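Being a predicted model, the structure only gives us computed values, none of them experimental. Residues: numbered from 1 along the sequence shown. Atoms within a ligand are numbered from 1 in the order they appear, just like the ligands themselves.
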Amino acid sequence: MTEPLLKVEGLKKYFPIKAGILGRVKNYVKAVDDISFAVQQGETLGIVGESGCGKSTTGRMLMRLLEPTAGKVFFDGQELTQLSNDEMRKARRDIQMVFQDPYASLNPRHTIEKILMEPLNVHNIGDPKERKKKVHEFLEIVGLSSYHAKRYPHQFSGGQRQRIGIARALMTNPKLIIADEPVSALDVSIQAQVLNLMQDLQQELKLTYIFIAHDLGVVRHISDRVGVMYLGQMAELADSEALYEKPLHPYTQALLSAVPVPDPEFLREEMLVAGDIPSPANPPSGCRFHTRCPFKMAICETTVPIFAEVEKGHSVACHLYEESRPQ
Ligand code: SF4
């Protein structure tokens with residue numbers, strides 16, 4: 001296998017909780033706690049989990065919009081975590097982000113032309129005439145028209161605004177796009193259009209995606225592989241087909257049982273998990289899912305399960321599969 005485009009090793013993000021007038025650090029919110037994965041060129045990796053599981057923090061750390069507490073991120077032969085601020089600014093030309101709420105991320109006082117030109121100005125790409133041409137070209141590519149360039153964000157629908165957000169991410173010809181819940185704020189009917197657009201763009205422009213979502217249903221068709229996160233850790237990571245057909249981790253099984261399926265013959269029995277997601281400032285001992293897991297055993301409360309491959313390309317962190325692991 002070729003060298004992955006992105007490789008993440010032991011990534012952690014701990015946010016300090018301060019208390020008292022002196023602001024002493026009393027504890028940490030372990031938003032991301034030791035995750036590792038790799039993404040191949042041209043692949044889409046879906047990252048899924050409930051809110052607070054650390055998926056968006058992970059996305060932001062990959063671009064160093066948030067500094068990791070520990071761990072390494074390798075991208076296209078460079079160790080991003082070692083770059084100076086200036087070098088990182090340059091590297092961001094190749095890694096772009098699409099956000100959940102396109103309205104909040106588009107400056108309401110700027111025309112679409114100005115918004116789309118900004119990344120070209122920042123990275124000093126082309127002269128003013130070329131930049132203008134590129135804006136018009138990318139508006140067409142994302143299914144809008146040149147005449148939209150002079151309009152303002154509020155004059156567009158939610159779906160159109162997300163198309164603008166996607167166009168902005170594409171302006172610098174990036175290699176990797178990190179899409180953080182890009183369709184969660186959209187109506188279901190519009191979600192499919194935006195997902196189809198992203199898939200078409202991936203093929204045409206040879207893009208690599210990290211697609212973050214809270215819903216396994218949304219990432220199913222766009223992802224080659226899917227990672228499921230729970231309380232800052234990776235619970236399971238597998239090829240999309242394997243994960244949906246044969247989920248191993250009880251948490252993945254519970255998430256999947258809640259995804260509606262169009263054919264009632266294949267209805268899964270809904271698996272309910274007890275209780276709320278615990279606080280990442282005070283995660284449960286042993287397996288972090290043990291407070292909600294219907295298959296909990298004595299060992300689960302005391303011993304952290306190792307995240308390891310149990311079948312080819314299928315990794316899981318759960319004591320139920322201890323024996324299936326290669327020794
Ligand atoms: Fe459930 Fe134990 Fe597996 Fe955790 S390790 S998911 S508690 S069976």
Atom 3 (Fe) of ligand 1 to nearest N/O/S of Cys318 less than 2.8 Å: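 Yes, since at least one N, O or S atom of Cys318 sits under 2.8 Å from atom 3 (Fe) of ligand 1.
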Within 45° cone of Phe15 ring axis and under 6.0 Å: Lys13 NZ or CZ: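 Yes - Lys13 lies over the ring of Phe15, closer than 6.0 Å to its centre and within 45° of its axis.
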Protein heavy-atom partner closest to atom 1 (Fe) of ligand 1 - residue, atom, separation in Å: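 Result: Cys293 SG, 2.3 Å.
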Nearest protein heavy atom with distance in Å, relative to atom 5 (S) of ligand 1: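 So the nearest neighbour among protein heavy atoms is His319 N, 3.3 Å.
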Numbering as shown, the atoms of ligand 1 that approach Leu320 to under 4.0 Å (heavy-atom distance):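 Those atoms are 8 (S).
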Numbered atoms and elements of ligand 1 in range of His249, under 4.0 angstrom, heavy atoms: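 Result: 6 (S).
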Polar side-chain atom of Arg288 near backbone of Pro278 as donor-acceptor pair, under 3.5 Å: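 Not at all, since once roles are kept as given, no pair shorter than 3.5 Å links the two residues.
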Main-chain N/O of Ala298 paired to Glu301 side chain as donor or acceptor, under 3.5 Å: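 Pair absent, no side-chain N/O of Glu301 close to backbone of Ala298.
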Joint cluster assignment, Leu237 & Val304, ILVMFWY side-chain distance < 4.5 Å: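 As far as the 4.5 Å side-chain criterion goes, Val304 and Leu237 are not connected within one cluster.
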Of the listed options Ala298, Cys300, Cys287, Gly286, closest to atom 4 (Fe) of ligand 1 (non-hydrogen atoms):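 Nearest option to atom 4 (Fe) of ligand 1, by heavy atoms: Cys287.
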Ring centre gap for His249 and Tyr321 strictly below 6.0 Å: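 Aromatic pair excluded; centres sit 6.0 Å or further apart.
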